[in-house]
Enquirer: 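I have a structure I would like to understand better, so I am pasting it below and will then ask my questions one at a time.
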Amino acid sequence: MDLEAQIDEKKLPKHIAIIMDGNGRWAKQQGFLRAIGHQNGTKAVRETVETCAKINVPYLTLYAFSTENWNRPKLEVETLMKLLVSSLKKEIKTLQDNNIKLNAIGNLESLPKKAQRELQDVISKTKGNSRMTLTLALSYGAREEITKTIREISLKVKNNLISPLDIDERLVNDHLYTNNLPDVDLLIRTSGEQRISNFLLWQIAYAELSFTDTLWPDFTKKHLFEAILNYQNRERRFGKTSEQL
Ligand code: FPP
């Protein structure tokens with residue numbers, strides 16, 4: 001039986017997050033410049049986005065650029081920003097055709113103005129779409145997000161808008177960039193690295209982790225289906241015993 005047919009629609013992860021890693025190594029293996037790896041990474045982005053929408057995963061979040069990625073050589077940062085702008089221009093049609101809403105998280109003001117404008121344009125044009133929410137993490141770092149949250153909540157306490165006793169998990173959650181998204185169910189990282197790299201630290205508290213050696217430009221729907229099937233075979237206990245579930 002093909003992989004897709006084995007997926008149990010009733011046990012789909014509601015929120016899949018992906019650390020798309022290995023573009024540079026993919027390019028090096030083929031004797032190309034790193035930029036070509038990123039370019040080919042966009043093809044894997046399109047296939048993954050379309051497949052998730054097709055099988056009815058409601059939330060997909062992609063780690064496209066981390067706060068630490070600003071430290072890469074200037075030329076590579078520029079390439080990634082250009083790729084972001086050109087992909088947004090090109091893929092708005094894919095988003096509309098598949099009824100996908102675009103969302104972005106991260107310190108978006110630090111992006112080049114052109115990228116900010118393009119992003120806001122696609123976000124506003126797709127805001128009425130409802131099949132899936134695609135979130136791009138851009139200039140995103142979980143520690144920055146949590147720090148921002150603490151700063152905002154502290155200000156509210158200082159201004160007597162809330163009391164320290166009002167601070168609970170829900171309030172913290174409401175101040176994260178992801179306040180409109182559910183917790184991550186399945187976190188996938190490609191390229192063989194097994195770490196989180198400052199991605200969605202709060203939101204992955206109970207996520208199932210899936211690591212594959214496949215480099216991001218080689219990631220296809222087959223790898224996605226494998227990750228989902230593997231997820232569906234796990235028992236998520238959320239701290240309870242097997243018998244309580
Ligand atoms: C990791 O590979 C990938 C990135 C830092 C950027 C991800 C970007 C894309 C897939 C293309 C643009 C995305 C969108 C949404 C338009 P790496 O460079 O860290 O690879 P390496 O670890 O092998 O060097």
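Both counts, for ligands and for their atoms, begin at 1 and track the order of listing. Not measured: the values here are computed from a predicted model.
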Enquirer: Heavy atoms of the protein only: does one fall short of 4.0 Å from atom 5 (C) of ligand 1?
Expert: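 Given the 4.0 Å limit, the answer for atom 5 (C) of ligand 1 is yes, a protein heavy atom qualifies.
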
Enquirer: Show me which atoms of ligand 1 lie under 4.0 Å from any heavy atom of Thr42.
Expert: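 Checking each atom against Thr42, I get 11 (C), 12 (C).
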
Enquirer: Could you go through Ile188 and Leu224, starting from their C-alpha distance and side-chain angles, then the distance that decides it, and tell me whether this counts as side-chain contact (heavy atoms from CB on, under 4.5 Å)?
Expert: CA-CA 9 Å; Ile188 299 172; Leu224 178 70; 4.1 Å; yes

Enquirer: Does even one non-hydrogen atom of Ala64 get within less than 4.0 Å of ligand 1?
Expert: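 True for this residue.
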
Enquirer: Would Lys156 and Glu152 satisfy salt bridge (Lys or Arg N to Asp or Glu O under 4.0 Å), going step by step from the backbone distance to the final call?
Expert: CA-CA 6 Å; Lys156 285 188 181 168; Glu152 286 174 7; over 6 Å; no

Enquirer: Heavy-atom contacts with Trp216 under 4.0 Å: which atoms of ligand 1 show up? List them by number with element.
Expert: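 Numbered from 1, ligand 1 contributes 10 (C).
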
Enquirer: Would Leu83 count as a polar contact of ligand 1, with the cut-off being nitrogen or oxygen pairs under 3.5 Å?
Expert: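 No: no nitrogen or oxygen of Leu83 is under 3.5 Å from one in ligand 1.
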
Enquirer: Atom 15 (C) of ligand 1: which protein heavy atom is closest, and how many Å away?
Expert: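 Minimum-distance protein heavy atom for atom 15 (C) of ligand 1 reads Leu136 CD2, 3.8 Å.
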
Enquirer: Does Asn23 reach ligand 1 with a nitrogen or oxygen that is under 3.5 Å from one of the ligand's nitrogen or oxygen atoms?
Expert: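 Among all N and O atoms of Asn23, at least one is under 3.5 Å from an N or O of ligand 1.
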
Enquirer: Is a side-chain donor or acceptor of Arg189 paired with a backbone partner of Arg195 at a separation under 3.5 angstrom?
Expert: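 Such a contact is found between Arg189 side chain and Arg195 backbone.
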
Enquirer: Any N or O on Trp26 sitting closer than 3.5 Å to an N or O of ligand 1?
Expert: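 In this structure, Trp26 places no N or O atom under 3.5 Å from an N or O of ligand 1.
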
Enquirer: Would you name the heavy atoms of Lys148 and Tyr177 that are closest together and state the gap between them?
Expert: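 What the structure gives for the nearest pair is CE-CE2, 3.6 Å.
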
Enquirer: Closer than 4.0 Å to some heavy atom of Gly24 - which atoms of ligand 1 meet that?
Expert: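 Reading through ligand 1 atom by atom, the close ones are 17 (P), 18 (O), 20 (O), 21 (P), 23 (O), 24 (O).
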
Enquirer: Check each atom of ligand 1 against the heavy atoms of Met20 and keep those under 4.0 Å away; list them by number with element.
Expert: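 So the atoms of ligand 1 that pass are 1 (C), 2 (O), 3 (C), 7 (C), 10 (C).
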
Enquirer: Show, in sequence, the C-alpha distance, side-chain angles and deciding distance for Val45 and Trp216, and conclude whether the side-chain contact (heavy atoms from CB on, under 4.5 Å) test is met.
Expert: CA-CA 9 Å; Val45 169; Trp216 178 251; 3.8 Å; yes

Enquirer: Does any N or O atom in Arg34 lie less than 3.5 angstrom from one in ligand 1, N or O only?
Expert: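 N/O-N/O distance under 3.5 Å: yes.
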
Enquirer: With atoms numbered from 1 as shown, which atoms in ligand 1 lie under 4.0 angstrom from a non-hydrogen atom of Ser87?
Expert: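 It comes down to these atoms of ligand 1: 16 (C).
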
Enquirer: Do any N/O atoms on Val45 end up under 3.5 angstrom from N/O atoms on ligand 1?
Expert: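 Such a contact does not occur with ligand 1.
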
Enquirer: Phe32 and side-chain contact (heavy atoms from CB on, under 4.5 Å): which partner among Lys28, Gln29, Gln30?
Expert: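 It is Gln30; the other options fail the test.
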
Enquirer: Go through it in stages, so that I can follow the logic: the residues are Glu78 and Lys74, the test is salt bridge (Lys or Arg N to Asp or Glu O under 4.0 Å), and I'd like the CA-CA distance, side-chain angles, deciding distance and then a yes or no.
Expert: CA-CA 6 Å; Glu78 280 170 12; Lys74 192 165 167 265; 3.3 Å; yes

Enquirer: Using heavy atoms and a threshold below 4.0 Å, how should the contact between Lys28 and ligand 1 be classified: side chain, backbone, both, or neither?
Expert: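 Neither part.
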
Enquirer: Between Gln203 and Thr178, is there a side-chain donor-acceptor contact under 3.5 Å, judged purely by atom types and distance?
Expert: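 Their side chains do contain a donor-acceptor pair, which is all the 3.5 Å distance test asks for.
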
Enquirer: Do any nitrogen or oxygen atoms of Arg72 lie less than 3.5 angstrom from nitrogen or oxygen atoms of ligand 1?
Expert: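 N/O-N/O distance below 3.5 Å exists for this pair.
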
Enquirer: Does Tyr206 sit in a hydrophobic cluster with other residues, and if so which ones, taking ILVMFWY side chains as linked at heavy-atom separations under 4.5 Å, directly or through other members?
Expert: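 Joined to Tyr206, directly or through intermediates: Phe238.
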
Enquirer: Could you tell me whether Lys101 sits above the aromatic face of Tyr59, with NZ or CZ closer than 6.0 angstrom to the six-membered ring centre and within 45 degrees of the axis?
Expert: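 Verdict for Tyr59: no cation-pi partner in Lys101.
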
Enquirer: Taking 4.0 Å as the limit for heavy-atom contacts, which would you say applies to Asn69 with ligand 1: side chain only, backbone only, both, or neither?
Expert: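 The side chain, only.
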
Enquirer: Please report which non-hydrogen protein atom sits nearest to atom 22 (O) of ligand 1, along with the residue it belongs to and the distance in Å to one decimal place.
Expert: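 The closest heavy atom on the protein side is Arg25 NH2, 2.9 Å.
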
Enquirer: Group every Ile, Leu, Val, Met, Phe, Trp and Tyr by side-chain heavy-atom contacts under 4.5 Å, then state whether Leu84 and Leu95 land in the same group.
Expert: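 The answer is yes; both residues are in one hydrophobic cluster.
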
Enquirer: What atoms in ligand 1 come closer than 4.0 Å to a heavy atom of His38?
Expert: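 Contacts of ligand 1 toward His38, numbered from 1: 11 (C), 18 (O).
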
